[in-house]
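Note that this is a predicted model, so its numbers are computed, not measured. All residue numbers in this chain count up from 1 along the given sequence.
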Amino acid sequence: MAKSALLKSSIGKKYWMALTGLFLCLFLVGHLAGNLQLLFGTQLQFNEYALFMTTNPAVKILSYLTYISILFHAIDGILLTIQNKKARPVGYAKNNAAVNSAWASRNMAVLGTLILIFIATHMVNFWAKMHFSNMPLQKITVEAQPGNSQEFYLTSGWGQDKFIPVQSVDGENIVVEGRDFYYVKPAKIKFAEGYKDLHTITIAFFKDPKLGLAFTIFYVFSMAVLAFHLLHGFNSAFQSLGANNPKYSPAIRIFGKGFAIIVPLLFAIIPLYIHFVK
């Protein structure tokens, strides 16, 4: 009974769906806070955020937990859909779906599938490039006097190591591997860490002359899908966990609607601003 209740029963699956879903809502808030620096922050602030998110040990653990939650949430949703269809293979004789349930609740599987497609493409375009590609490091140009400028790598080091002249990275005395700077002679010693320029990559992605508009439309459409998914999913998660107290349920419903509208809307504004304004 315990084994089937946790892993096989529809009730057990709904508990897991609720818990992973609410955890992913927290992830959305954190991810949004970082991405909003594309609107309100500087290039350095966004790249510092990206460096922190990919190097901090605690964040790495949360990232792995997020990946697992996404997979578990998706698989659990598929299994629940299959299980529900098996439980009722033949529809009722009189069934007015539009009256009996909200559109989002009847199409959660479709909405979830579209979100999963978006996550996969999003990770290929940004996450994979950040982790595995030879992404350029952030540079700044300093003009000592009119007509005389010099490029520097901006790093997380201190003092002189904060700014490294681009021409000093010669492959013989100083080399850069990924985001790490090394003195080669007399020994290979790391002395600074640069910032992968995810800011420039992101701006270029949405402002691409050929596909930037298509990327922007796809992103905004995906956020609309997310909004419908959250409209039903947020309240459903609390119901699955038994939080149906008449005192708190109205507040949860109001907060859920606000969350489902505001969070995807803010995400959608970012590519729109980059493509049409920035």
Side-chain angles (χ1 to χ4, degrees), residues 13-41 46 49 53 58-59 62-78 80-81 98 101-123 126-127 202 206 216-274:
K13 288 186 177 66
K14 287 180 179 179
Y15 277 129
W16 285 113
M17 282 288 288
L19 292 172
T20 54
L22 291 174
F23 174 78
L24 291 173
C25 285
L26 293 175
F27 161 77
L28 285 175
V29 173
H31 193 47
L32 176 61
N35 283 6
L36 284 175
Q37 293 182 72
L38 288 164
L39 301 184
F40 304 110
F46 183 75
Y49 153 73
M53 295 297 290
V59 173
L62 286 174
S63 296
Y64 296 139
L65 186 58
T66 300
Y67 306 148
I68 294 170
S69 295
I70 291 172
L71 290 173
F72 201 103
H73 193 78
I75 293 170
D76 205 27
I78 293 170
L80 263 175
T81 301
S101 60
W103 181 87
S105 67
R106 302 193 307 273
N107 294 277
M108 287 297 280
V110 175
L111 294 171
T113 301
L114 292 174
I115 292 170
L116 200 59
I117 292 172
F118 167 76
I119 291 172
T121 57
H122 191 67
M123 292 186 73
F126 299 103
W127 180 88
T202 304
F206 289 113
T216 301
I217 292 172
F218 174 68
Y219 194 102
V220 172
F221 168 76
S222 299
M223 291 305 100
V225 171
L226 176 63
F228 280 108
H229 191 76
L230 289 172
L231 276 172
H232 173 71
F234 192 93
N235 294 328
S236 179
F238 282 95
Q239 291 179 2
S240 296
L241 295 173
N244 292 320
N245 190 306
K247 185 177 180 180
Y248 304 113
S249 291
I252 292 174
R253 284 194 295 271
I254 293 172
F255 181 83
K257 287 182 179 179
F259 186 92
I261 294 171
I262 294 172
V263 171
L265 178 62
L266 290 175
F267 269 117
I269 288 173
I270 295 172
L272 289 171
Y273 176 81
I274 291 173

Undergrad: Going from CD1 on Ile68 to OG on Ser63, what distance comes out if it is rounded to the nearest 0.5 angstrom?
TA: 11.0 Å
Undergrad: Answer yes or no: is there a side-chain heavy-atom contact under 4.5 Å between Ile274 and Ile270?
TA: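 Yes, at least one pair of side-chain atoms sits under 4.5 Å.
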Undergrad: Starting at OG1 of Thr121, measure out to CG of Leu116 and round the result to the nearest 0.5 Å.
TA: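 Going from the OG1 atom of Thr121 to the CG atom of Leu116 covers 10.0 Å.
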Undergrad: How many angstroms lie between CD1 in Ile261 and CG in Leu266, if you round to the nearest 0.5 Å?
TA: 11.5 Å
Undergrad: Can I get a per-line list of side-chain donor-acceptor pairs under 3.5 Å for residues 217-238, giving both atom names and the distance, sequence neighbours left out?
TA:
residue	atom	partner	partner atom	Å
Ser222	OG	Phe218	O	2.8

Undergrad: So, for Met17 and Gly77, which heavy atoms are closest and what is the spacing to 0.1 Å?
TA: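 It is SD-N, 3.4 Å.
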Undergrad: Does a sphere of radius 6.0 Å around OH in Tyr67 hold more than 12 heavy atoms from other residues, nucleotides or ligands, not counting ones at 6.0 Å or beyond?
TA: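 Check passes, neighbour count above 12.
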Undergrad: Which heavy atom of Phe23 sits nearest a heavy atom of Leu62, and at what distance?
TA: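 Closest approach of Phe23 to Leu62: CZ-O, 4.3 Å.
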Undergrad: Would you call the rings of Phe27 and His31 parallel, tilted or perpendicular, where under 30° means parallel and over 60° means perpendicular?
TA: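 Geometry flag for His31 against Phe27: parallel rings.
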Undergrad: Just how far is it from atom CG of Leu24 to atom CD1 of Ile119, taken to the nearest 0.5 Å?
TA: 7.5 Å
Undergrad: Atom OG1 in Thr113, atom CG in Asn107: separation rounded to 0.5 Å?
TA: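 The OG1 atom of Thr113 sits 10.5 Å away from the CG atom of Asn107.
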Undergrad: With rounding to the nearest 0.5 angstrom, report the OH to CZ distance, Tyr273 to Phe40.
TA: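 Separation between the atoms: 8.5 Å.
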Undergrad: Contact between Leu28 and Phe267 at the side-chain level, heavy atoms closer than 4.5 Å - yes or no?
TA: yes
Undergrad: Could you tell me if the side chain of Phe46 sits less than 4.5 Å from the side chain of Asn35, heavy atoms only?
TA: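 SC-SC contact between Asn35 and Phe46 confirmed.
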Undergrad: Please report the C-alpha distance between Leu19 and Leu241 in whole Å, then the side-chain angles of each, then the deciding distance to 0.1 Å, and finally whether the side-chain contact (heavy atoms from CB on, under 4.5 Å) criterion is met.
TA: CA-CA 8 Å; Leu19 292 172; Leu241 295 173; 4.1 Å; yes
